[in-house]
Amino acid sequence: MRIFKFGGASVKDANGVRNVVNVLRITGFRDLGVVVSAMGKTTNALEEILARYQKNDNSYLKLIDKLYEQHNEIIVELEEVTDFINEDEVLRFRESGLKNILKGIIEALKGELLRNKTKNYSFLYDQVVSYGELISTKIVAAFLNACNIPVQWVDARELIKTDTKYRDAGVQWQETENAIKNISGSSFLTQGFIGSDDNGFTTTLGREGSDYTAAIFAYCLDAESVTIWKDVPGVLNADPRVFHDTVLLEKIPYNEAIELAFYGASVIHPKTLQPLQRKSIPLHVKSFLNPKENGSTITHSNTLLPEIPCYIVRKNLIFLRVSSRDFSFIGEGNISEIFHELSEAKMQVGLLQNSAISFSICVEDKYSLINVLLSRLQERYDVSVVKNVALYTIRHYNGEKVASIENEQQVLLKQRTQETLQVVVKQ
């Protein structure tokens with residue numbers, strides 16, 4: 001059994017769905033589990049629907065109708081004969097009843113909001129945004145079956161069982177494994193990102209949830225591999241939008257990939273890698289535009305291949321320096337207190353460094369709570385703030401690139417270990 005995951009970019013339109021057929025015809029589709037995300041920017045659209053609903057703005061209903069029209073348009077386009085989709089396949093797709101299925105899902109979404117009485121935003125968020133995955137998988141599954149790629153559509157909510165931490169649910173592994181092992185048939189297609197709690201309410205798995213879904217299925221089924229299909233050739237040693245002459249990383253040890261993700265690289269989230277590492281299941285990252293190319297493989301290996309520096313840049317961060325007002329030492333008690341406040345404000349820490357009388361932190365303010373954090377810290381400490389900073393992290397660094405970063409920008413803090421260099425600069 002192999003597990004494939006196709007993200008929103010790979011199924012954003014009719015051509016993307018057709019290309020999934022192309023990929024599966026090239027790679028083979030026997031004994032295959034396929035995980036599919038919501039199409040394109042659907043999750044963003046559902047978030048906007050929810051935002052308007054929360055404001056009692058009835059225009060959210062028009063946005064739902066727009067969502068229906070966008071997906072219906074994709075279905076209509078898929079009903080056209082192309083160079084590698086013949087008339088018989090198109091006819092089977094037209095006869096699948098998919099348009100009525102789409103109408104039913106859209107009406108269920110409207111009903112979800114019209115009947116809602118909860119004030120728990122995270123709970124309602126999970127019930128609403130999950131419709132994106134339900135729609136996309138119905139479309140992709142119907143098209144694959146019409147094109148003689150037989151897959152069984154399965155509801156991930158019946159298989160991935162979680163706790164009730166909505167928007168970032170924790171997997172109940174034993175219950176999930178028992179359910180997934182009961183899937184019948186040789187190949188199936190399911191949703192990424194979603195599961196359900198003990199009461200049957202929909203939950204979502206948090207950041208990189210669809211990748212995590214693929215890893216959950218692979219772990220429970222003892223899969224031979226997981227492949228994540230992206231619009232890039234694989235994992236690069238740097239973001240090509242920031243650095244020139246990027247290089248494809250052909251092989252990446254699990255621990256190295258986890259380190260890169262920890263520092264902010266858009267590689268694969270550690271929660272996706274950990275179940276795969278536990279069962280030594282290799283993870284391939286490949287291009288859905290060039291499916292015959294090798295891409296990158298994350299697996300058990302001793303070294304990165306090729307052995308070159310890897311560069312990660314996180315922008316629009318905030319640099320804080322917290323110091324005692326009476327010039328006393330910053331000790332364990334102070335650090336514990338500071339971390340408690342960081343946690344309460346949901347700050348993501350990218351770098352920290354302490355000296356005898358100060359504590360320096362570089363944070364990402366994802367939830368716009370920086371003023372809350374500052375007011376709490378300033379009750380006891382002097383706090384200096386520099387906004388809009390960039391954090392460069394270089395794994396396996398060399399002197400040339402470090403010099404270019406430091407010479408071109410104002411350095412606020414530099415931290416070096418044997419394998420990793422981090423530099424905070426003003427943007």
Side-chain angles (χ1 to χ4, degrees), residues 5 7 9-10 207-208 211-212 214-215 225-274 276-277 281-317 348 350-351 362 364 389-409 411 413-425 427:
K5 179 261 178 172
S10 63
R207 181 183 167 195
E208 306 297 336
D211 290 353
Y212 189 31
S225 66
V226 173
T227 303
I228 294 177
W229 296 95
K230 290 177 169 283
D231 57 357
V232 292
V235 179
L236 304 176
N237 74 318
D239 186 339
R241 296 169 297 183
V242 180
F243 293 93
H244 301 297
D245 304 321
T246 57
V247 176
L248 178 71
L249 301 176
E250 298 170 29
K251 282 213 170 30
I252 310 168
Y254 288 116
N255 289 340
E256 182 66 31
I258 290 170
E259 290 282 351
L260 292 171
F262 172 79
Y263 287 114
S266 55
V267 190
I268 305 294
H269 195 277
K271 70 181 182 183
T272 296
L273 292 169
Q274 285 159 355
L276 301 180
Q277 182 180 22
I281 299 170
L283 173 63
H284 307 294
V285 181
K286 302 181 71 172
S287 168
F288 59 75
L289 301 173
N290 298 290
K292 292 183 180 180
E293 293 184 356
N294 291 331
S296 304
T297 299
I298 300 172
T299 186
H300 280 302
S301 59
N302 294 324
T303 57
L304 198 64
L305 181 67
E307 292 187 71
I308 56 173
C310 297
Y311 305 91
I312 303 142
V313 184
R314 296 172 64 185
K315 296 188 175 183
N316 302 314
L317 304 185
Q348 189 173 52
L351 173 146
C362 197
E364 181 179 0
V389 304
L391 172 61
Y392 287 81
T393 302
I394 309 172
R395 291 278 295 166
H396 318 295
Y397 54 89
N398 61 34
E400 180 183 348
K401 281 289 185 182
V402 174
S404 67
I405 292 170
E406 293 180 354
N407 292 338
E408 295 171 6
Q409 300 169 93
V411 175
L413 183 68
K414 182 165 65 173
Q415 189 174 88
R416 189 190 306 259
T417 66
Q418 185 174 352
E419 294 288 347
T420 305
L421 173 70
Q422 291 189 285
V423 183
V424 182
V425 302
Q427 289 183 227

* Contact check, side chains of K230 and V285, non-hydrogen atoms, under 4.5 Å -> yes
* **Side chain to side chain, L248 and S296, heavy atoms closer than 4.5 Å** => yes
* Partner residues of Y254 under the ring-ring contact (aromatic ring centres under 6.0 Å, His included) criterion, sequence neighbours left out -> H300
* **salt bridge (charged side-chain N to carboxylate O under 4.0 Å, His left out) partners of E364, counting only residues at least two apart** => R314
* Listed by chain and number, what are the side-chain hydrogen bond (donor to acceptor under 3.5 Å, both in side chains) partners of K315, not counting sequence neighbours? -> none
* **E419: side-chain hydrogen bond (donor to acceptor under 3.5 Å, both in side chains) partners, not counting sequence neighbours** => H396
* **Partner set under side-chain contact (heavy atoms from CB on, under 4.5 Å) for Q422, not counting sequence neighbours** => Y263, L351, L391, T393, Q415, T420
* **Option among Q277, K271, H269 that satisfies the side-chain contact (heavy atoms from CB on, under 4.5 Å) test with I258** => Q277
* salt bridge (charged side-chain N to carboxylate O under 4.0 Å, His left out) partners for E259, two or more places apart -> none
* Asked: Listed by chain and number, what are the salt bridge (charged side-chain N to carboxylate O under 4.0 Å, His left out) partners of D231, not counting sequence neighbours?
  -> none
Pairs of donor and acceptor atoms involving the side chains of residues 287-295, under 3.5 Å and at least two apart or interchain, shall be tabulated with distances.
residue, atom, partner, partner atom, Å
S287, OG, L289, N, 3.0
S287, OG, N290, N, 3.2

* From L304 CG over to L249 CG, what is the distance, rounded to the nearest 0.5 angstrom? -> 5.0 Å
* If you round to the nearest 0.5 Å, how far is CD of E208 from CD1 of I268? -> 7.0 Å
* Structure fact -> What one should report as the nearest heavy-atom pair of Y397 and T417 is OH-O, 2.8 Å
* **Summary of salt bridge (charged side-chain N to carboxylate O under 4.0 Å, His left out) pairs that have at least one residue in residues 297-311, sequence neighbours excluded** => none
* Minimum heavy-atom separation for N237 to T246, with atom names? -> OD1-CA, 3.4 Å
* To the nearest 0.5 Å, tell me how far L273 CG sits from L283 CG. => 6.0 Å
* Structure fact -> Sequence neighbours excluded, the answer for side-chain hydrogen bond (donor to acceptor under 3.5 Å, both in side chains) partners of K286 is none
* Could you give all pairs that pass the salt bridge (charged side-chain N to carboxylate O under 4.0 Å, His left out) test and reach residues 243-252, with sequence neighbours left out? -> none
* Asked: With H284, which residues qualify under side-chain hydrogen bond (donor to acceptor under 3.5 Å, both in side chains), at least two apart?
  -> T297
* **Candidates L260, T272, I252 - the one meeting side-chain contact (heavy atoms from CB on, under 4.5 Å) with I298** => I252
* Structure fact -> CG of N255 to CG of N302, rounded to nearest 0.5 Å, is 11.0 Å
